[in-house]
Number of protein chains: 2
Amino acid sequence: MGNLALEPLDRPEGMTTHEYAHRRLRQAIMVGSIRPGESLTIRGIAEAMESSPTPVREALRRLSSEGALRVLDNRRIMVPRMTADRFSELVSLRSVLEQHAARRAVPHITERRIDRLEEIDRAQDEAIARKDNANALLLNQEFHRALYTANPEQVILPMVESIWLQLGPFLGIAMEHVAQLYFVDRHQEAIAALRKRDEDAVAAAIKADISEGIGGFERAAIENLLRLAGQ
Amino acid sequence: MGNLALEPLDRPEGMTTHEYAHRRLRQAIMVGSIRPGESLTIRGIAEAMESSPTPVREALRRLSSEGALRVLDNRRIMVPRMTADRFSELVSLRSVLEQHAARRAVPHITERRIDRLEEIDRAQDEAIARKDNANALLLNQEFHRALYTANPEQVILPMVESIWLQLGPFLGIAMEHVAQLYFVDRHQEAIAALRKRDEDAVAAAIKADISEGIGGFERAAIENLLRLAGQ
DNA sequence: TAATTATTTTTGTGATCACATTTTCAAAAT
DNA sequence: ATTTTGAAAATGTGATCACAAAAATAATTA
């Protein structure tokens, strides 16, 4: 079952073991360190994190409820396989969900937060420049998260992150087989729209960001990629 | 912490204890048997279900990831309180999400499934007629679920159900304080649109169904209701 | 050699226990 | 009467164990 590819990830004092296990596995899945179809065992993870089955089970249950893992009939747990249909479903849902999240954020946005968005976008560009795919991915998510969390009432974000989690493993093989993930984004357009508090324009920017970014994978390309990765 | 108000709920042979605990708690929350702000204890639930802490913890973790429960800083677990803002956020997201789910279902709909929708709608009307609020609620959900699951690729449904879960406890107090939950629906309109495979009309029907149904709660009414319930 | 059977190992599951923290409740002090 | 202190109870947490089912491996048979 592999070395889990889990960078240890710092653990704040007082954090419970099950929460730590959850965060660590989640991070690994999010950045594509675990491949679609790979199966995880409770004891294996417990051993890898030097803990015991009980907290690991809690972490795995949470991740399965978050769509990141699938529990099979034999009760074994694996990272879901990707298909072209599922990918299309995920991307179209992501578009709808994030447009809505963006709209609901606009009334609460502050100049201060927009400045932070600029910062994050700059950092992402740097990561892209040095071909640091994993960090570019994380910074891209950080940009979107920083926008949506302007809205103090957060019921959407967990769902958005669930989609990211479900896309993660596929992005992992994409990054492995495509030399450089094609990072186009419409962040500057979104920022400009935010400065004007133009809800429609912000939503349009997010829509374009997604459809031209991850939505750029065409059906044939996905199937080809999956075949390449032996899926 | 009360008697949990958990009707035993039949347990298929071979179902694990943690899954059973999850289903039972989930059902209770969904139909509003557990009040907002009520806190749950691992041992209490374990005792009520005649099992032990381990599987109950797994169930509670899942429910917290599904938005049905909130884990506090003191690690205690409770049903989230409702506020007018949160309610508005939930309903607007529900509208967007279910419209999208409906659209994605239309291409896969069959006459057979539409017939089943008619059946469910009839059953719901009967439940309403005999003032059986809980079952009317469940049958309403069943109607929506039966529509969305026409789409074989299901990433949306868990999110839709997460919203239902988060609205459940509030609906519980609503049913308690408003003699009869005002059940307006646009199911017949949705069915007619489905027969014509008219995606826009289906989405419009769902949108109206939600905004005239649960969306009918006005801000003042919600705050009043919460005060009445001692929230 | 291929298929079948038997054995061993792996794995998920649920109960139990000890520990630390938090909460609750009673007693004491201001 | 209110606050403070202290003891007792309740609670979340994580490790361990026994059990049953499943998977993997070895041995046997056709």
Side-chain angles (χ1 to χ4, degrees), chain A residues 1-4 6 8-26 29 34 37-66 68-81, chain B residues 1-4 6 8-26 29 34 37-66 68-81:
Chain A
M1 56 148 279
N3 65 345
L4 269 184
L6 303 179
L9 211 142
D10 76 308
R11 174 174 181 174
E13 183 179 9
M15 176 182 272
T16 58
T17 306
H18 64 83
E19 190 180 344
Y20 176 67
H22 176 256
R23 284 261 248 288
R24 202 161 139 185
L25 284 167
R26 186 185 141 94
I29 294 169
I34 309 186
E38 190 168 335
S39 67
L40 304 178
T41 66
I42 295 169
R43 282 179 172 87
I45 295 166
E47 201 174 335
M49 310 198 170
E50 297 178 314
S51 64
S52 68
T54 315
V56 170
R57 278 159 68 178
E58 296 176 79
L60 292 178
R61 296 300 166 214
R62 288 193 56 187
L63 288 166
S64 78
S65 273
E66 289 159 13
L69 297 175
R70 184 171 305 282
V71 179
L72 306 177
D73 292 334
N74 29 343
R75 296 172 180 175
R76 224 135 271 188
I77 295 169
M78 65 169 241
V79 178
R81 290 211 133 81
Chain B
M1 58 148 281
N3 65 345
L4 267 184
L6 302 180
L9 211 143
D10 76 308
R11 176 174 181 175
E13 184 180 7
M15 175 182 273
T16 58
T17 305
H18 64 82
E19 192 181 343
Y20 176 67
H22 176 256
R23 284 261 248 288
R24 203 162 140 183
L25 284 167
R26 186 185 141 95
I29 295 169
I34 309 186
E38 191 168 334
S39 68
L40 304 178
T41 66
I42 295 169
R43 282 178 171 88
I45 295 167
E47 201 175 335
M49 309 198 171
E50 298 177 313
S51 65
S52 69
T54 315
V56 170
R57 277 160 69 180
E58 297 175 80
L60 292 177
R61 297 300 166 214
R62 290 192 54 188
L63 288 165
S64 77
S65 274
E66 288 159 15
L69 297 175
R70 184 170 305 283
V71 180
L72 306 177
D73 292 334
N74 30 345
R75 297 174 180 173
R76 224 133 271 191
I77 294 169
M78 65 169 240
V79 178
R81 289 210 133 80

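By convention in this document, chain letters (A, B, ...) are assigned in the order of the sequence lines, proteins followed by strands, and residues within each chain are numbered from 1.
Each of A/M15 and A/R75 has a nearest nucleotide on DNA chain D; the 5'-most of these lies closest to A/M15.
Closest non-hydrogen pair, A/R11 versus A/T16, comes out as NH2-C, 3.6 Å. Shown here for A/A46 and A/P53, the closest heavy-atom pair between the two residues is CB-N, 3.9 Å. The nearest pair of heavy atoms linking B/M78 to B/G37 is CE-CA, 4.0 Å. Across all non-hydrogen atoms, the minimal contact from A/R62 to B/S64 is NE-OG, 4.4 Å. When every heavy atom of B/A59 is checked against every heavy atom of B/H18, the shortest pair comes out as CB-O, 3.7 Å.
Rounding to whole angstrom units, CG of residue B/L40 and P of C/dT23 are separated by 16 Å. Across the protein-nucleic acid pair, B/H22 atom NE2 and C/dT13 atom C1' stand 17 Å apart, rounded to whole Å. Nucleotide C/dT21 holds its P atom 16 Å from the CG atom of B/D73, rounded to whole Å. Distance NE2 (B/H18) to C1' (C/dT11): 13 Å, rounded to an integer number of Å. Regarding A/I42, its CD1 atom lies at a distance of 14 Å from the P atom of D/dA15, rounded to whole Å. Taking atom CZ on A/R76 and atom P on D/dA21, their separation rounds to 14 Å, with Å as the unit. As a whole-Å value, the separation of B/L72 CG from D/dG12 C1' is 13 Å. Per the geometry, CD belonging to B/E47 stands 13 Å off C1' belonging to D/dT11, to the nearest Å.
B/S52 has no side-chain polar atom (N or O) that falls below the 4.0 Å cut-off from OP1 or OP2 of C/dT16. Between A/R61 and the phosphate of C/dT13, there is a side-chain N or O to OP1/OP2 separation shorter than 4.0 Å. A close approach under 4.0 Å does not occur between any side-chain nitrogen or oxygen of A/N74 and OP1 or OP2 of C/dG12. For D/dG14, neither phosphate oxygen OP1 nor OP2 lies less than 4.0 angstrom from any side-chain nitrogen or oxygen of A/T54.
On a pure distance criterion of 3.5 Å, a polar donor-acceptor pair joins the side chain of A/R43 and the base of C/dG12.
Nucleic acid contact for A/R57: base, since at least one base atom lies under 4.0 Å from a heavy atom of the residue.
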